[in-house]
Amino acid sequence: MKLSRSTAVALAAVAMAGPLLSTAAPAAAQSASAWNCTSLSGSSDSTSDNGGRDVWAECHKGNEWVRAYFRAYKETLELEDHHGSDPNSVVAYLTVSGSGTARFEGAGLRDRSYDEGKAVSVKVCTSSSSTKVCHTQSGGRT
């Protein structure tokens, strides 16, 4: 198959630019795009707290994941961290209507206490670094 000179020049330019384009994005941006946060987060009616709604935010990348899970019953926030070499790099923010936002670091269970019927959202981040990936999920209720 014979190509016109202009087509051949255009194909050569694309072939030469390809390697440059593939290395142009910084590693942090490439790794951030590998995280899936939206499809694994959500909220649902609490099975133990009449009128309460649990809410959780998760981010996964391969076998790594972080999660912030607010349970309306007993109003607990659980942080899970299965990301990288530091199992306590997870950062979460719990926002309760009328009470503001509280920040938490590291895996574990936190007992909280709020008035009933307040709107709740959680935000989970893979770390506190500038390359962190975060996701916020609303829909909870104390």
Side-chain angles (χ1 to χ4, degrees), residues 1 3-4 6-142:
M1 176 176 167
L3 300 175
S4 71
S6 61
T7 302
V9 169
L11 288 174
V14 168
M16 290 172 40
L20 296 173
L21 294 174
S22 68
T23 59
Q30 290 174 349
S31 66
S33 67
W35 285 94
N36 172 17
C37 299
T38 57
S39 67
L40 301 165
S41 301
S43 65
S44 66
D45 289 336
S46 173
T47 58
S48 302
D49 186 331
N50 188 20
R53 285 187 64 81
D54 299 340
V55 62
W56 59 96
E58 298 183 34
C59 291
H60 288 250
K61 179 178 76 170
N63 292 330
E64 297 182 82
W65 55 279
V66 294
R67 177 189 301 145
Y69 197 123
F70 175 80
R71 290 179 177 83
Y73 181 67
K74 294 191 178 181
E75 297 170 347
T76 59
L77 178 69
E78 183 174 11
L79 274 62
E80 298 178 62
D81 191 336
H82 302 276
H83 167 50
S85 60
D86 181 1
N88 289 305
S89 61
V90 65
V91 176
Y93 301 86
L94 175 66
T95 302
V96 177
S97 176
S99 297
T101 300
R103 183 179 190 273
F104 303 92
E105 289 187 45
L109 187 66
R110 277 66 172 208
D111 290 325
R112 310 298 296 166
S113 180
Y114 299 100
D115 292 335
E116 293 298 312
K118 301 292 184 176
V120 177
S121 67
V122 292
K123 177 179 178 178
V124 67
C125 299
T126 55
S127 69
S128 59
S129 76
S130 62
T131 60
K132 69 184 176 263
V133 174
C134 298
H135 179 66
T136 302
Q137 184 66 42
S138 59
R141 189 171 49 248
T142 58

What I'd like to find out is whether the side chain of [X] reaches to under 4.5 Å of the side chain of [Y], using heavy atoms alone.
X      : Y      : result
Arg110 : Leu79  : yes
Arg103 : Val91  : yes
Lys123 : Ser121 : no

Contact summary for [X] and [Y], nearest pair of heavy atoms:
X      : Y      : result
Ala57  : Val124 : O-CG1, 3.4 Å
Ser43  : Gly140 : CB-N, 4.4 Å
Thr126 : His83  : O-CD2, 3.3 Å
Asn36  : Thr38  : OD1-N, 3.7 Å
Ser138 : Val55  : O-CG2, 3.6 Å
Arg112 : Leu94  : CG-CD2, 4.2 Å

Query raised in the report: How about His135 and Trp56: are their ring centroids closer than 6.0 Å?
Result: no
Query raised in the report: Quick check: are the SG atoms of Cys134 and Cys37 less than 2.5 Å apart?
Result: no
Quick one about [Y] and [X] (side-chain donor to acceptor, distance below 3.5 Å, no hydrogens or angles considered), yes or no?
X     : Y     : answer
Ser89 : Asp81 : yes
His82 : Glu64 : no
Ser46 : Ser48 : no

Report task. Give a yes or no answer on whether the side chain of Thr142 reaches the backbone of Gly117 with a donor-acceptor pair at less than 3.5 Å. Result -> yes
Query raised in the report: Do the side chain of Glu78 and the main chain of Tyr69 share a donor and acceptor less than 3.5 angstrom apart?
Result: no
Query - Candidates Asp54, Val122, Thr76, Thr95 - the one meeting side chain to side chain contact (heavy atoms under 4.5 Å, CB included) with Phe70 - result: Val122
Please report the interatomic distance [atom1]([X]) to [atom2]([Y]), rounded to the nearest 0.5 Å.
X      : Y      : atom1 : atom2 : result
Gln137 : Glu58  : CD    : CD    : 10.0 Å
Arg141 : Arg53  : CZ    : CZ    : 6.5 Å
Lys74  : Ser113 : NZ    : OG    : 13.0 Å
Leu40  : Trp35  : CG    : CH2   : 11.0 Å

Report task. Decide salt bridge (Lys or Arg N to Asp or Glu O under 4.0 Å) for Glu116 and Lys118; before the verdict, give the C-alpha distance in whole Å, the side-chain angles of both, and the deciding distance to 0.1 Å. Result -> CA-CA 6 Å; Glu116 293 298 312; Lys118 301 292 184 176; over 6 Å; no
Report task. Quick one: sort the Trp65 and His60 rings into parallel, tilted or perpendicular, breaks at 30° and 60°. Result -> parallel
Query raised in the report: More than 12 heavy atoms of other residues, nucleotides or ligands under 6.0 Å from CG of Asp111: is that the case?
Result: yes
